[in-house]
Amino acid sequence: MPRTEPIKAARGVRDILPAAIPLWRQAEQEAAAVAKRFGYEEIATPVIEQVELVERVGEQTDTVAKELYRLDKRGSQNLALRPEATAGVVRAYFEGGLNQGPQPSRLYLIGPMFRHDKPQKGRYRQFFQFNVEAIGGASPGFDAEVIELALSWLNDVGLQDLRLELNSIGDGKCRPAYLERLKDYYRPLKSHLHADSQLRLERNPLRLLDSKVPQEQPFKADAPKITEHLCDECAAHWADVRRLLDAAGIAYQLNPYLVRGLDYYTRTVFEFYPGGASGQQDALASGGRYDGLAAAEGWPSTPGVGFAGGVDRVVELMAASGQEVIAKPAADVVVIPDGELSIEAAEVARICRAVRSVAVDYETRSLRAKMKWANKLGAKWVVLLTPDVAKRRAAQLREMTSGEQTELDWVELPTRLA
RNA sequence: GUGGCUAUAGCUCAGCAGGCAGAGCACCAGAUUGUGGAUCUGGGUGUCGCGGGUUCAAAUCCCGCUAGCCACCCCA
């Protein structure tokens, strides 16, 4: 056999090993629990969607333009792995007739998303999101609700030191006029801008605001702020959202430079960061209102608001803060055949599985080694089979913490282990 | 996509003025006339990330690739 490189995981993806699963489960279970507490129901949508669904909602964003996993054409359909969940959930809302039910539809989803980014800590090509969407509701109450829900989740998994940033980016009525003001402001400065920013100026001027290029920072201070140029409806909505958050006792920082990578967002946008970080790639959850999304997908215009939480990042913070979930032993009972007793050991295991999780040590090694293995596994009991005792359909039952050991018939095992 | 740092045992890492591959933990075996945890003894389990180059000689120097981390870009 020629030696070859072993095949490793694809770049930017990772395994969640058994030892890490309890923490993941906790993050997911808290997510599901808090969503249900707020009256949200779970939905699962496909990981593959038609490319058009993804493109229609954000053609000039990086997520779609550069980071999309496109699949080979199958038949007549161009497919892609979903880079985010909201577009698919909104599609399912209409296709599944949820728009015919009580409004809004309160939905949550936990699942993998895919982006062909350059991998880094906290940034993976397959990553997991906890998504919450309230579709069919225009009231600012829903904006505040999803923010409170996101905060509750982060608190419930033990993250207390958080920063919530908040902004409003207007809607189709007032944003175009604002964007013209913004362009008018930046055009004379164009030669001072970074090459990327010069492109943004005409194509996606809102993005100029969250530019981190050092030489552009001074310009931002004097740039027109969108919250000062909202139409009456957007301004009222914006005021209501802040009022509701104030009443809920939720602290937030107004960030006039907070914008969104995806185009369908309107009005409220927000992001949660861990408190200590100055943070570039450490947003824990972010979301906002997307009243323009349904129409962009070709469905009847329908308002909606939601957020996406980064499960990977939350789990990493949980682990970093020293949180550990005590792993349960893989098996409560270990059956150790001493000698050629595989058939008998399997039968005894079968009997014990009626009441306990059971593992069998089939390896041909010393009894001592088998006992060590059982101990390391964390087994509470060991059922020891030796040829002469097994012949009588009996076994030694050893209680590991006390070391007490008694002989008894196989049929008695379930009662003793229960 | 851009730039920087890194890659040695299962894990954390040392070794790098070029000269036989190391430590701790983990693992395996024994002390234990076959019954775990504690202790002691013994064992290195390795294509030094991959591929080239320089050299009598490369883990060590040079180049390329791959992967990870960090900063950008962007985002969860």
Paired nucleotide for [N] [Watson-Crick or G-U wobble; both distances under 3.5 Å]:
{"N": "B:G19", "value": "B:C56"}
{"N": "B:G46", "value": "none"}
{"N": "B:A31", "value": "B:U39"}
{"N": "B:A7", "value": "B:U66"}
{"N": "B:C72", "value": "B:G1"}

Indicate yes or no: at least one non-hydrogen side-chain atom of A:Thr302 is less than 4.5 angstrom from one of A:Tyr93.
yes
Side-chain contact test, heavy atoms from C-beta onward, threshold under 4.5 Å: evaluate it for A:Thr268 versus A:His237 and give yes or no.
yes
Are OP1 or OP2 of [N] and a side-chain N or O of [X] less than 4.0 angstrom apart?
{"X": "A:Arg115", "N": "B:A76", "value": "yes"}
{"X": "A:Ser286", "N": "B:A76", "value": "yes"}
{"X": "A:Arg11", "N": "B:G68", "value": "yes"}

Just to be sure I understand the rule, does [X] reach a base, reach only the sugar-phosphate, or reach nothing, if contact means heavy atoms closer than 4.0 Å?
{"X": "A:Ala308", "result": "sugar-phosphate"}
{"X": "A:Gly339", "result": "nothing"}
{"X": "A:Tyr124", "result": "base"}
{"X": "A:Ala285", "result": "sugar-phosphate"}

Taking for A:Leu284 and for A:Lys376 the nucleotide of RNA chain B with the nearest heavy atom, the one nearer the 5' end belongs to A:Lys376
So which one's nearest nucleotide on RNA chain B is more toward 5', A:Gln129 or A:Asn375?
A:Asn375
Residue [X], side-chain heavy atoms: nucleotide from [options] that is nearest:
{"X": "A:Asp117", "options": "B:C69, B:A76, B:G36", "value": "B:A76"}
{"X": "A:Ala369", "options": "B:C72, B:U32, B:A29", "value": "B:A29"}
{"X": "A:Gln120", "options": "B:A76, B:G36, B:C72", "value": "B:C72"}
{"X": "A:Asp338", "options": "B:G34, B:G68, B:A76", "value": "B:G34"}
{"X": "A:Lys121", "options": "B:G1, B:C70, B:G68", "value": "B:C70"}

Output the rounded distance in Å from [atom1] ([X]) to [atom2] ([N]).
{"X": "A:Arg123", "N": "B:C73", "atom1": "CZ", "atom2": "C1'", "result": "8 Å"}
{"X": "A:Arg368", "N": "B:C28", "atom1": "CZ", "atom2": "C1'", "result": "11 Å"}
{"X": "A:Leu384", "N": "B:G34", "atom1": "CG", "atom2": "P", "result": "13 Å"}
{"X": "A:Leu385", "N": "B:U35", "atom1": "CG", "atom2": "C1'", "result": "13 Å"}
{"X": "A:Lys372", "N": "B:A38", "atom1": "NZ", "atom2": "C1'", "result": "11 Å"}
{"X": "A:Asp388", "N": "B:G34", "atom1": "CG", "atom2": "P", "result": "13 Å"}
{"X": "A:Glu28", "N": "B:A76", "atom1": "CD", "atom2": "P", "result": "19 Å"}
{"X": "A:Asn131", "N": "B:A76", "atom1": "CG", "atom2": "C1'", "result": "9 Å"}

Polar side-chain contact [X]-[N] base: donor and acceptor under 3.5 Å:
{"X": "A:Gln405", "N": "B:U35", "answer": "yes"}
{"X": "A:Arg398", "N": "B:U35", "answer": "yes"}
{"X": "A:Lys118", "N": "B:U2", "answer": "yes"}

In whole Å, what separates the [atom1] atom of [N] from that of [M]?
{"N": "B:C65", "M": "B:C5", "atom1": "P", "value": "15 Å"}
{"N": "B:A7", "M": "B:U39", "atom1": "P", "value": "34 Å"}
{"N": "B:A71", "M": "B:U54", "atom1": "C1'", "value": "34 Å"}
{"N": "B:G52", "M": "B:C73", "atom1": "C1'", "value": "33 Å"}
{"N": "B:G44", "M": "B:C27", "atom1": "C1'", "value": "11 Å"}
{"N": "B:U60", "M": "B:G18", "atom1": "P", "value": "11 Å"}
{"N": "B:A38", "M": "B:U45", "atom1": "C1'", "value": "25 Å"}

Checking [X] side chain against [Y] main chain: does a donor-acceptor pair fall under 3.5 Å?
{"X": "A:Arg25", "Y": "A:Ala20", "value": "no"}
{"X": "A:Lys391", "Y": "A:Thr386", "value": "no"}
{"X": "A:Arg82", "Y": "A:Gly88", "value": "no"}

Could you tell me whether A:Leu367 atom CG has more than 12 heavy atoms of other residues or ligands within 6.0 Å of it?
yes
Tell me whether the ring of A:Phe127 lies stacked over the B:A76 base, given a 5.5 Å limit on centroids and a 30° limit on the plane angle.
yes
Quick one about A:Thr266 and A:Asp171 (side-chain donor to acceptor, distance below 3.5 Å, no hydrogens or angles considered), yes or no?
no
So, A:Ser402 versus A:Glu399: side-chain donor-acceptor pair below 3.5 Å or not?
yes
